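Since we're looking at a predicted model, the values are computed, not measured. Start at 1 with the first residue, then count along the sequence.
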Amino acid sequence: MNRPIVARALLVGAIAFGVAACTTPFSEVPVATNFPTTTQEKLQSAHHWQVIAEGIAAQITQALQQEQGCRSAPLACPTLAFASPDRPSPFERALIAAITTELVRQGWKVRTELPAEITLRLEVQANRFRNRPADGRFTSAAVLGAGLWVLSDDKNIGVWEHVSPGASALIGLAAADLWRWQTSQFAQGPTPEVELMVHVSAVREGVYLARTSEVFYIADSDLALYTPPPAPLPAPTVLPVRGS
């Protein structure tokens with residue numbers, strides 16, 4: 001292999017990449033950039049709904065106890081009740097029930113229906129964003145190349161010929177296990193198109209006493225669980241018939 005030619009090609013490629021990555025000092029419109037990489041949970045089971053409910057109930061409890069001054073005497077706390085949506089989705093019904101359970105468990109007096117001294121309101125909004133590839137995960141080409149070099153069967157390059165088939169299989173399995181362990185935090189499959197915004201508020205006389213806001217991914221195929229059912233058809237109009 002002609003090493004000077006390879007070196008020149010790499011240098012030219014690096015210069016081209018650097019030029020392409022630069023932006024001009026002036027532009028007609030703002031240049032689109034990425035936010036710093038963050039993570040966001042993906043809802044994939046009813047247990048995840050329960051986890052959400054526990055967190056929301058804890059935040060509401062902390063805020064109301066500080067606001068109402070009833071930390072030391074829970075029985076003196078005001079009564080709470082949820083204002084149910086007109087057409088709740090399966091997720092909304094389950095979340096309201098789970099939050100209610102957690103609030104009762106923590107000592108709150110939760111009425112089965114309004115009126116109550118403090119009204120709890122749940123707002124859920126599903127938003128669809130298309131064509132969003134997730135490129136925040138990086139796989140080092142250098143590490144992969146080093147691994148291929150180590151396992152090469154060329155006696156002048158690697159050590160593969162000195163490794164038994166059983167040992168090489170174990171090396172491969174160990175690498176696969178390590179990869180799964182390191183990436184187990186990330187949800188499988190493509191980035192979901194649908195995101196869910198969940199807000200819970202505690203209101204008294206038009207004043208917010210507590211409010212929580214969370215955003216989650218949901219599986220695109222599960223959208224029906226998070227949207228209201230269709231509105232019922234209007235009752236048929238009955239016209240009186242008069243004989244001649």
Side-chain angles (χ1 to χ4, degrees), residues 38-129 192-239:
T38 57
T39 60
Q40 184 168 287
E41 286 125 343
K42 180 180 177 181
L43 304 180
Q44 301 186 78
S45 71
H47 176 70
H48 293 164
W49 300 356
Q50 178 66 32
V51 172
I52 294 175
E54 292 173 359
I56 291 174
Q59 295 181 61
I60 295 293
T61 293
Q62 181 179 10
L64 289 183
Q65 284 180 337
Q66 293 176 353
E67 171 69 24
Q68 303 302 315
C70 59
R71 183 184 299 274
S72 59
L75 293 179
C77 292
T79 57
L80 313 176
F82 260 103
S84 299
D86 294 335
R87 292 182 292 115
S89 66
F91 171 72
E92 289 173 322
R93 291 198 305 269
L95 192 62
I96 289 175
I99 294 174
T100 300
T101 299
E102 290 300 316
L103 291 173
V104 171
R105 184 178 299 169
Q106 296 181 31
W108 290 96
K109 297 176 290 183
V110 183
R111 294 180 57 88
T112 57
E113 58 185 16
L114 294 173
E117 295 172 87
I118 296 178
T119 301
L120 301 176
R121 302 185 186 278
L122 171 64
E123 305 165 52
V124 176
Q125 180 180 355
N127 306 290
R128 183 181 292 276
F129 298 88
E193 292 186 348
V194 183
E195 290 181 280
L196 202 69
M197 303 185 70
V198 180
H199 311 282
V200 178
S201 307
V203 182
R204 181 172 61 190
E205 297 178 355
V207 177
Y208 287 109
L209 303 180
R211 184 171 173 85
T212 69
S213 296
E214 305 284 351
V215 182
F216 306 95
Y217 281 129
I218 65 172
D220 300 332
S221 57
D222 293 339
L223 181 59
L225 296 175
Y226 300 90
T227 52
L233 297 175
T237 303
V238 178
L239 299 176

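With contacts defined as side-chain heavy-atom distances shorter than 4.5 Å, the pair Ile60/Trp108 does not qualify. Residues Glu193 and Phe129 form no side-chain contact, since every pair of their non-hydrogen atoms from C-beta on lies 4.5 Å or further apart. By the 4.5 Å heavy-atom criterion applied to side chains, Pro85 and Ile96 are counted as neighbours. Ile99 is listed as a side-chain neighbour of Phe82, based on a closest heavy-atom distance under 4.5 Å.
The side-chain contact (heavy atoms from CB on, under 4.5 Å) search around Gln50 returns Glu54, Ala98, Glu102, not counting sequence neighbours. With sequence neighbours left out, Gln59 forms a side-chain contact (heavy atoms from CB on, under 4.5 Å) with Thr212, Glu214. For Ser45, the side-chain contact (heavy atoms from CB on, under 4.5 Å) partners two or more places apart in sequence, or in a different chain, are His47, His48. Residues satisfying the side chain to side chain donor-acceptor pair (under 3.5 Å) criterion with Ser213, sequence neighbours excluded, are His199.
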Mind listing the side-chain donor-acceptor pairs of residues 222-236 below 3.5 Å, one per line with the distance, residues two or more places apart or on another chain?
residue : atom : partner : partner atom : Å
Tyr226  : OH   : Trp49   : NE1          : 3.0
Thr227  : OG1  : Leu223  : O            : 3.3

Review item, side-chain donor-acceptor pairs of residues 111-121, under 3.5 Å, at least two apart:
residue : atom : partner : partner atom : Å
Arg111  : NE   : Pro115  : O            : 2.8
Glu117  : OE2  : Thr79   : N            : 2.9
Glu117  : OE2  : Thr79   : OG1          : 3.4

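Rounding to the nearest 0.5 Å places OG1 of Thr100 at 9.0 Å from CG of Leu95. Note that CZ of Arg204 and CG of Leu64 are 9.0 Å apart. Values are rounded to the nearest 0.5 Å.
Counted within 6.0 Å of CD on Gln40, heavy atoms from surrounding residues, nucleotides or ligands total more than 12; the atom is thus considered enclosed.
Residues Val194 and Ala126 approach most closely at CG1-CB, 4.2 Å, considering heavy atoms. Of all heavy-atom pairs spanning Leu209 and Ala63, the tightest one is O-CB, 4.3 Å.
Listed by first and then second residue, the salt bridge (charged side-chain N to carboxylate O under 4.0 Å, His left out) pairs involving residues 85-97 amount to none (not counting sequence neighbours).
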From CA spacing to verdict: side chain to side chain contact (heavy atoms under 4.5 Å, CB included), Phe91, Ile218: CA-CA 11 Å; Phe91 171 72; Ile218 65 172; over 6 Å; no
